[in-house]
Chemist: 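Input: one structure, supplied below.
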Amino acid sequence: MAQNRLTRFLRNEWIYIVFSVLLVLFPHIVGGITGSSPFGVQRGSRFIMSGAAVYWMSILIDIFALSVLVMSYNLMFGFTGVISFGHAMFFGLGGYLLGMVTQMTGLPPDLAFFVGVALVIVVSAVLGLGIGFATLRLRGVYFAIFTLAVSEMVLIYFGRWAVTGGEDGFALSTIPVWIDAAQSRINLYYVSLILFAGTFVFIRRLVNSPAGAVFKAIRENEMRAQAIGFNTLRFKLLSITIASVLAGCAGIIHALLAKKIGPEMLNVSHTVDALLMTIIGGVGTFTGPILGASGLTLADVLLREATITIGSLTIDIGDSWLLILGLIFVLVVLIFPFGIVGTWNRLRMRFARR
């Protein structure tokens with residue numbers, strides 16, 4: 001029985017297992033190909049973070065953080081049908097709260113780090129629950145506008161608060177050496193990978209559970225879900241609270257990598273990016289948000305300094321990136337109306353029926 005279960009698990013999940021192994025080995029694979037060390041270049045007792053392996057780890061860490069943010073948005077928007085324009089607030093608060101505890105309390109770095117992480121989780125959960133409880137009785141665009149207003153209030157407050165450096169923000173310099181991106185980037189890489197993989201597995205199990213079935217029932221027809229006896233407000237609160245905590249954790253990773261915290265982390269553009277990546281990858285799918293986040297991030301990295309020459313016309317991709325992103329979005333919506341993964345799943349089901 002146990003052997004049959006293991007065989008079925010390996011047969012169904014082999015692609016995720018292979019992908020996970022590749023991500024675990026990624027720093028060493030890149031290091032082997034490029035001849036660089038994933039630990040950086042040793043100078044005396046310290047390691048200087050330079051080389052191709054370190055550079056590509058930074059990009060992957062950024063993708064992991066963005067993927068967690070987009071997966072959390074997809075849980076709320078794609079699986080529960082709740083659209084919010086204030087998700088960037090939790091992302092930014094994740095960085096700010098961690099930074100304030102590590103930089104301003106005088107606690108030892110290791111203790112301050114874990115206290116900061118715990119504070120981010122608690123504050124994100126309480127704030128998400130409070131906002132949800134106060135506003136989820138609003139429907140559709142009214143809830144979205146309210147969350148945008150709250151998010152902008154927080155952005156303006158931190159942008160003018162002298163304690164956190166106002167619009168300039170502040171540097172994240174007092175953090176434990178073992179997770180410092182400037183000294184131990186490979187450790188930050190594996191911490192980010194654990195958060196990324198844990199978020200994927202957790203959301204997948206949650207959505208496939210009875211609670212997830214109620215999420216999807218709310219998304220399809222909330223009044224019908226209420227009519228058959230579900231307390232839809234309670235399940236929407238659960239969804240928005242979990243999504244808020246995950247967005248806060250994504251903000252922690254982003255802040256640790258950038259080592260700088262400022263009001264830009266609270267900007268609504270992070271919410272818009274999460275929305276676009278979700279739609280491009282596939283709303284209400286498990287891998288779509290990851291595909292959207294990784295695809296757009298890699299495209300930005302690889303094309304940022306590229307130029308295209310057509311006759312006498314030279315187009316700088318970096319300068320025109322927002323325009324190109326808009327065109328990608330329009331093309332994906334026209335060609336893949338359910339997102340890349342969503343459209344692929346529908347085509348596969350259609351061919352399977354024949």
Side-chain angles (χ1 to χ4, degrees), residues 39-40 45-50 54 57-69 72 87-128 151 153-196 198-199 241-267 270:
F39 301 98
S45 61
R46 296 191 60 182
F47 284 87
I48 306 300
M49 294 298 106
S50 66
V54 172
M57 274 195 291
S58 302
I59 293 170
L60 265 290
I61 293 168
D62 195 28
I63 289 175
F64 293 153
L66 271 176
S67 297
V68 172
L69 176 68
S72 70
H87 212 48
M89 175 177 64
F90 300 100
F91 182 73
L93 283 179
Y96 265 102
L97 291 174
L98 178 73
M100 291 170 70
V101 173
T102 55
Q103 299 300 122
M104 302 173 188
T105 60
L107 293 172
D110 285 312
L111 178 61
F113 174 75
F114 288 111
V115 170
V117 171
L119 188 66
V120 169
I121 292 172
V122 171
V123 171
S124 298
V126 171
L127 198 58
S151 178
M153 285 167 56
V154 174
L155 169 64
I156 293 171
Y157 181 80
F158 276 97
R160 298 181 179 178
W161 196 19
V163 173
T164 56
E167 291 186 353
D168 295 330
F170 60 99
L172 196 60
S173 57
T174 313
I175 52 177
V177 173
W178 62 270
I179 202 167
D180 188 344
Q183 300 184 58
S184 310
R185 195 161 304 175
I186 193 167
N187 290 346
L188 179 59
Y189 174 86
Y190 285 119
V191 170
S192 308
L193 176 57
I194 290 169
L195 176 65
F196 165 75
T199 300
T241 302
I242 294 172
S244 303
V245 172
L246 292 174
C249 293
I252 290 175
I253 297 298
H254 182 84
L256 287 171
L257 178 64
K259 297 196 70 177
K260 197 271 178 183
I261 298 158
E264 64 276 3
M265 280 192 71
L266 294 157
N267 197 294
H270 289 295

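Because the structure is predicted, anything quoted here is derived from the model rather than measured.
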Chemist: Let me confirm one number: the CG-CG distance from Leu93 to Leu127, rounded to the nearest 0.5 Å.
Modeler: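 Answer rounded to 0.5 Å: 6.5 Å.
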
Chemist: List in chain and number order the residues that pass ring pair (Phe, Tyr, Trp, His ring centres under 6.0 Å) with Phe196, two or more places apart in sequence or in another chain; answer none if no residue qualifies.
Modeler: Phe64

Chemist: Kindly compute the distance separating CD1 (Ile179) from OG (Ser192), expressed to the nearest 0.5 Å.
Modeler: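 Here the interatomic distance stands at 7.0 Å.
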
Chemist: With sequence neighbours excluded, give me every side-chain hydrogen bond (donor to acceptor under 3.5 Å, both in side chains) pair touching residues 58-68.
Modeler: Ser58-Arg185

Chemist: Table please: side-chain donor-acceptor pairs of residues 95-124 below 3.5 Å, with sequence neighbours left out.
Modeler:
residue, atom, partner, partner atom, Å
Thr102, OG1, Leu98, O, 2.9
Thr102, OG1, Gly99, O, 3.2
Gln103, OE1, Ser173, N, 3.1
Gln103, OE1, Thr174, N, 2.7
Gln103, NE2, Ser173, OG, 3.1
Thr105, OG1, Val101, O, 2.5
Thr105, OG1, Leu107, N, 3.4
Asp110, OD1, Trp178, NE1, 2.8
Ser124, OG, Val120, O, 2.7

Chemist: Considering only distance and modelled atom types, tabulate donor-acceptor pairs under 3.5 Å from the side chains of residues 241-267, sequence neighbours left out.
Modeler:
residue, atom, partner, partner atom, Å
Thr241, OG1, Leu237, O, 2.6
Ser244, OG, Ile240, O, 2.6
Lys259, NZ, Asp180, OD1, 2.9
Lys259, NZ, Asp180, OD2, 3.3
Lys260, NZ, Asp168, O, 2.8
Lys260, NZ, Glu264, OE2, 3.4
Asn267, OD1, Ser269, N, 2.9
Asn267, OD1, Ser269, OG, 3.4

Chemist: Could you tell me which non-hydrogen atom of Phe158 sits nearest to which non-hydrogen atom of Thr164, and how far apart they are?
Modeler: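 Scanning both residues, the minimum pair turns out to be O-OG1, 3.6 Å.
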
Chemist: If you round to the nearest 0.5 Å, how far is CZ of Phe90 from NE2 of His270?
Modeler: 15.0 Å

Chemist: Just to verify, what does Tyr157 make a side chain to side chain contact (heavy atoms under 4.5 Å, CB included) with, not counting sequence neighbours?
Modeler: Trp161

